[in-house]
Amino acid sequence: MSNDETKRTKKRRRDLDKQPTQTSSTTTTTSDNKPQSCNVNVNANLPLKSTKHYQVSYAHRNIVTHICYSTNHSFLMTASDDGICKFWKRNFVSNASSPSTSSDQKDAAGSAAGGIIEFVKSYISHTCPISCLVMDGIGGNTAATIGESDGTLKLYDVSTFDVTGIIRTQNPQLPLGSNAAFVAPGQSMLAVSSGGGAGGKSNGSIYLFNIITMDPQPVKVLTMHGKSTVTVLAYCTRHKCVISGDERGILEVWSMHDEHCVNGSSWGSVVNEKDNGINWSAATKFQQTDLYKLVKKKVTPLSLTIDNNSTSDNTLFAIYGSDHRIRVFNLVTGKLVITYDERVENVYGSNGSSTKSNYGMDQIEYGKRQALETEISEMTPIYDYSQSTVDKLQSSRQKIQLSFVNSSSQSGSLLAIPTICGIKIINVSTHACVRLIGRNDASSLRFLGLCVCAPAPTKIDGRAVQFHLARGGKTSKTEAEEAEDVHDPAAGPLIVTTAYKKRRLFLFSNHDPCEEYLSASGTITGKSAVMSAEDANQAKLSRDVLNEPPDSDDLLLGNDGHHNDSQQNSKLGREAILRTTMGDIHIKLFSDDIFPQKTIENFVGLANKGYYNDVIFHRVIKGFMIQTGDPLGDGTGGESLWGGEFEDEFVKGLRHDRPFTVSMANAGPHTNGSQFFITTVPAPWLDNKHTVFGRVTRGMDVCTHIENVKVDEQDKPLDKDILITGVDIVQ
């Protein structure tokens, strides 16, 4: 290699180094109404831990309303208020310990979060909000979404994350509601509750659609609920029957044991011991069972879940009622097993400050959470279907959701319940609260919907292996085998939740990032370090992946706790506006005394002398960053305001933890010049390697447009006219 080539190669090291461095008390009542203690009893054998914080969150563009999980294919599906449905792949080996993809295309967001899940695909499923998202009950092979007002059912093959069919009813006499379930042993039928229609009131019917023929006309219409709105609907695979409930509190249990019967004569018929293994009949249920208790107390069922995977002889189902009580029934006998009271004033307010302190609440914190519960009750139909006016339905399509948790280490069924103090895991047999998850985050988040993702399976199907290898895996082992080899905690169970009026989905695992951040920064001489407010804030901020353009809440978080504009009114400038040929990019400069003043002085000085005028974006990597600042336009030139290079200025708290971070490019330690870059994803592997000096506050769409231009093999845009026309500094 010639001297010129050697010199050129050395100078090209100014390009970014893309290689990541791998671095409480609850009131319970049994069926005989005797109160029992329900303290938080820790069981070491339970795979879920009582983590106080969620590990990571991912964003939709609008409020997340529905979530469900496929155990067969390890896919998570989410839906939001804008009609968007997303597929996410569960990673049983975190990115830190698994073979990574190429550095150019590395999923930085996943790396920052430990790679628990990975975004796969997004659909504009409906042109209106999604009123229902449901998966089949035999492992999640098929999923369906229902549009709130477009009269459309969409069916998905979960294994290929693709749409397989569309059923368009387009019949005003068949308005589709917000509850659905795959029914019959082969899950070939979809039961859908009726919607409000033109008059805004449901006719109480349940439509049975054949998803094989995809006939827009239902094969049968069931009317056992009369004119009452159906509020819950679920299929029991074990007993081949359906449980449905309406706004009056009436529960119906009906048979779907034969999907091939002539004219559907047995569909919706009375359950019996021969076909369903149930030793009571609907005709005598008011004398033999406790299913009448809801209607007797005028309680509307709001959420229904069935323990289809129970290993005991009895199948349990749980109902969250509008009176904030959770009732667990035995389906075989129809008897009430246990009642859990989650009324705020009774459980958390009646026993004084001692009860509140058990859940990390003082009087002020309790009042704040109680006020939020009042808002949900009065302004949305989440707790009260009798208030389901059109306006209130449009105000929130979120639902509270229960879920049974499978655990071979527990004797008895476990039930996950979202409450104001976090997510409680209740052992139905012992009536003990064995876990309380997300206690600290419950201060700012009211968890509503949830689903439980099972631990790593012992065997993963061929498609999952191909998916893993296609992502860059360098081994023929399955993800489960790798997880077992390295004991990766990502292979453990997950709880995925939605929260009231939040556009994020929150993932809880056995990792608590805030606790681990503290433990990693302490214990040097055997004494635990005290996490500073800045450290605690940083640990919390790093959990929220900005995989979608940030909204006002995200931008508020992006200020790193420095909200005082007077502190930023420095003589160096508080904002820079990059005037580019594709639009303006507004950058907030960290010009306070505690921030990298020399870096800011260098950037502002070069901008004021016109150094960046007509400089191109010479390096663009989609899914990573856009780079500019080299007057030569090839990544080998540029110098500082003082000539030559200057030292790095790493400031604790200024990190590459979110998209649209502005940072200095270099060729190694203390080699800063004029080049800088803007990330388009979180890039934590660049921390303490490149000096962060700003964040984009407006013009994110311009950065995204530049990021998506066509480039050559050197990552240089083919369009030579993408450049900076000037830089304005705002004092």
Side-chain angles (χ1 to χ4, degrees), residues 31 134-139 141-142 179-193 205-212 218-226 230-246 249-295 301 303-319 327-337 402 404 406 413 415 428:
S31 56
V134 63
M135 278 187 182
D136 67 47
I138 52 177
N141 298 318
T142 307
N179 295 278
F182 287 91
V183 299
Q187 303 284 270
S188 61
M189 310 289 290
L190 185 66
V192 183
S193 64
S205 300
I206 297 176
Y207 310 126
L208 296 180
F209 291 95
N210 190 321
I211 66 171
I212 305 299
V219 294
K220 191 167 186 177
V221 178
L222 304 176
T223 59
M224 70 275 291
H225 287 282
V230 175
T231 59
V232 292
L233 190 64
Y235 179 72
C236 178
T237 57
R238 190 174 186 182
H239 295 281
K240 303 173 186 177
C241 64
V242 180
I243 305 173
S244 57
D246 61 37
I250 294 178
L251 297 179
E252 299 285 354
V253 183
W254 39 281
S255 179
M256 278 297 295
H257 68 278
D258 184 5
E259 56 195 314
H260 304 294
C261 67
V262 179
N263 298 325
S265 57
S266 68
W267 299 339
S269 61
V270 176
V271 292
N272 57 78
E273 189 167 4
K274 176 183 176 182
D275 297 326
N276 309 103
I278 296 177
N279 56 15
W280 54 270
S281 66
T284 58
K285 71 178 181 182
F286 285 92
Q287 290 76 32
Q288 297 181 2
T289 75
D290 294 326
L291 300 183
Y292 66 91
K293 294 209 170 195
L294 291 179
V295 67
S303 177
L304 166 65
T305 184
I306 303 175
D307 190 7
N308 281 315
N309 298 309
S310 174
T311 57
S312 67
D313 295 334
N314 294 319
T315 300
L316 302 179
F317 69 93
I319 288 178
R327 295 169 174 86
V328 181
F329 294 88
N330 184 330
L331 179 58
V332 177
T333 64
K335 296 295 185 180
L336 182 64
V337 177
L402 308 174
F404 281 99
N406 297 323
S413 298
L415 180 64
V428 178

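This is a predicted model, so every value here is computed, not measured.
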For this session: Report the C-alpha distance between Val183 and Leu190 in whole Å, list the side-chain angles of each, state the deciding distance to 0.1 Å, and finish with yes or no for side-chain contact (heavy atoms from CB on, under 4.5 Å).
Result: CA-CA 6 Å; Val183 299; Leu190 185 66; over 6 Å; no
[X] side chain vs [Y] backbone, donor-acceptor pair below 3.5 Å:
X: Glu252; Y: Gly245; answer: no
X: His239; Y: Asn276; answer: yes
X: Thr305; Y: Ala318; answer: no
X: Lys220; Y: Tyr207; answer: no
X: Asp307; Y: Phe404; answer: no
X: Asp246; Y: Thr231; answer: no

Got a second to check how far [X]'s [atom1] is from [Y]'s [atom2], nearest 0.5 Å?
X: His257; Y: Cys241; atom1: NE2; atom2: SG; answer: 11.5 Å
X: Ile306; Y: Leu331; atom1: CD1; atom2: CG; answer: 7.0 Å
X: Met224; Y: Ser205; atom1: CE; atom2: OG; answer: 10.0 Å
X: Gln187; Y: Met256; atom1: CD; atom2: CE; answer: 9.5 Å
X: Leu402; Y: Leu415; atom1: CG; atom2: CG; answer: 5.5 Å
X: Ile211; Y: Met189; atom1: CD1; atom2: CE; answer: 9.0 Å

Can you give me the closest heavy-atom contact between [X] and [Y], atom names plus distance?
X: Pro301; Y: Leu294; answer: CB-CD1, 4.3 Å
X: Asp275; Y: Asn272; answer: N-OD1, 2.7 Å
X: Thr289; Y: Gly334; answer: CB-O, 3.3 Å
X: Ala181; Y: Ala234; answer: CB-CA, 4.1 Å
X: Leu233; Y: Ala191; answer: CD2-O, 3.5 Å

For this session: Begin from the C-alpha positions of Leu251 and Ile319 and carry the test side-chain contact (heavy atoms from CB on, under 4.5 Å) through to its verdict.
Result: CA-CA 10 Å; Leu251 297 179; Ile319 288 178; 3.6 Å; yes
Do [X] and [Y] have side chains that approach each other closer than 4.5 Å (heavy atoms only, starting at C-beta)?
X: Leu336; Y: Arg327; value: yes
X: Trp267; Y: Val219; value: yes
X: Ser244; Y: Val232; value: no
X: His225; Y: Ile206; value: yes
X: Leu316; Y: Phe329; value: no
X: Ile278; Y: Val332; value: no
X: Asn308; Y: Cys236; value: yes
X: Val270; Y: Trp254; value: no

Problem set entry | Derivation of the side-chain contact (heavy atoms from CB on, under 4.5 Å) call for Val192 and Phe209 | CA-CA 8 Å; Val192 183; Phe209 291 95; 4.1 Å; yes
For this session: Could you give me the CA-CA distance, side-chain angles and deciding distance for Val428 and Val337, then say whether side-chain contact (heavy atoms from CB on, under 4.5 Å) is met?
Result: CA-CA 8 Å; Val428 178; Val337 177; 4.3 Å; yes
